[in-house]
Amino acid sequence: MEPSGRGVGAGRPRADRAHARALAGRDGAIWAIARPGGEATGLIGLNGIDLAGGSAEIIYWLLPAARGGGVEAVRRVGRWALEDLGLHRLRLCHSVANPASCRVALKAGYAFEGVMRGALLHADGWHDQHLHARIRGDAQSAL
């Protein structure tokens, strides 16, 4: 159990909702994030996959106990999407109120491109979002 009282299973409903949305639209894919032999501690995926247009959005979410593991997950899925799936561009968006996700994006090699005003609806209202992106051919060192 985490200090917040929310154990590993606390993220299951959110993961299930994300998976259902991906299946309904059939333009996304979701995977669990887990340490080898461990329980799932988050999810990562691609939304809005446009094979003809060569783009997708990379999404992820982690339980508080797993924070810090996002960079490696974003790098791995990004590498697969660009090199194996053959996409040209990946975007990563997050609320401007989430500086940790901004650090993940930058450390994983996603350049900051700007702010999308009022682009994300949370329970407390509309949030601005940062837009980051990585294109095939960007410096490989971050992947």
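Keep in mind that what you see is a predicted model, and the values were worked out from it rather than measured. Computed over heavy atoms, backbone and side chain alike; hydrogens, waters and symmetry mates excluded.
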Quiz item: Does any non-hydrogen side-chain atom of His127 lie less than 4.5 Å from one of Val96?
Solution: no
Self-check item: Minimum heavy-atom distance between Ala32 and Ala40, given as atom pair plus value
Solution: CB-CB, 4.0 Å
Exercise. Assess whether side chain to side chain contact (heavy atoms under 4.5 Å, CB included) is satisfied between Tyr60 and Val77, documenting all intermediate values.
Key: CA-CA 10 Å; Tyr60 68 96; Val77 171; over 6 Å; no
Quiz item: Which distance, rounded to the nearest 0.5 Å, do you find between the CG of Asn98 and the NE2 of His122?
Solution: 8.0 Å
Practice problem: Please list, chain by chain and in numerical order, all residues satisfying side-chain contact (heavy atoms from CB on, under 4.5 Å) with Ala119, sequence neighbours excluded. | Solution: Met116, Gln129
Quiz item: Out of curiosity, Arg75 CZ to Ile44 CD1, how far, rounded to the nearest 0.5 Å?
Solution: 12.0 Å
Quiz prompt | Non-hydrogen atoms of Arg91 and Gly48 that approach each other most closely | solution = NH2-O, 4.2 Å
Practice problem: List the atom of Ile49, the atom of Ala29, and the distance in Å for their closest heavy-atom pair. | Solution: CD1-N, 4.3 Å
Practice problem: Look up atom CD1 in Ile33 and atom CD in Glu39, then write down how far apart they are to the nearest 0.5 Å. | Solution: 15.0 Å
Self-check item: Side-chain donor/acceptor of Arg136 to backbone N/O of Glu83, under 3.5 Å
Solution: no
Quiz item: CD1 of Ile59 to CG of Leu43: how many Å apart, nearest 0.5 Å?
Solution: 6.0 Å
Self-check item: Side chain proximity check, Leu46 to Ile30, heavy atoms < 4.5 angstrom
Solution: no
Quiz prompt | Which atom of Ala133 lies closest to which atom of Asp138, heavy atoms considered | solution = O-OD2, 4.4 Å
Quiz item: Can you name the nearest heavy-atom pair linking Val74 to Ala108, along with the distance?
Solution: CG1-CB, 3.6 Å
Practice problem: Quick one: closest heavy-atom pair of His130 and Val115, and the distance? | Solution: CD2-CG2, 3.7 Å
Quiz item: Quick one: do the Ser101 and His94 side chains pair a donor with an acceptor below 3.5 Å?
Solution: no
Quiz item: Between CD1 of Ile135 and CG of Leu82, what distance do you get to the nearest 0.5 Å?
Solution: 9.5 Å
Quiz item: Out of curiosity, does Trp61 fall in the hydrophobic cluster containing Leu120 (side-chain heavy atoms, cut-off under 4.5 Å, transitive links)?
Solution: no
Self-check item: 4.5 Å side-chain heavy-atom contact, Asp27 and Asp50
Solution: no
Quiz prompt | Interatomic spacing from CD in Glu57 to CG in Leu131 - rounded to 0.5 Å | solution = 8.5 Å
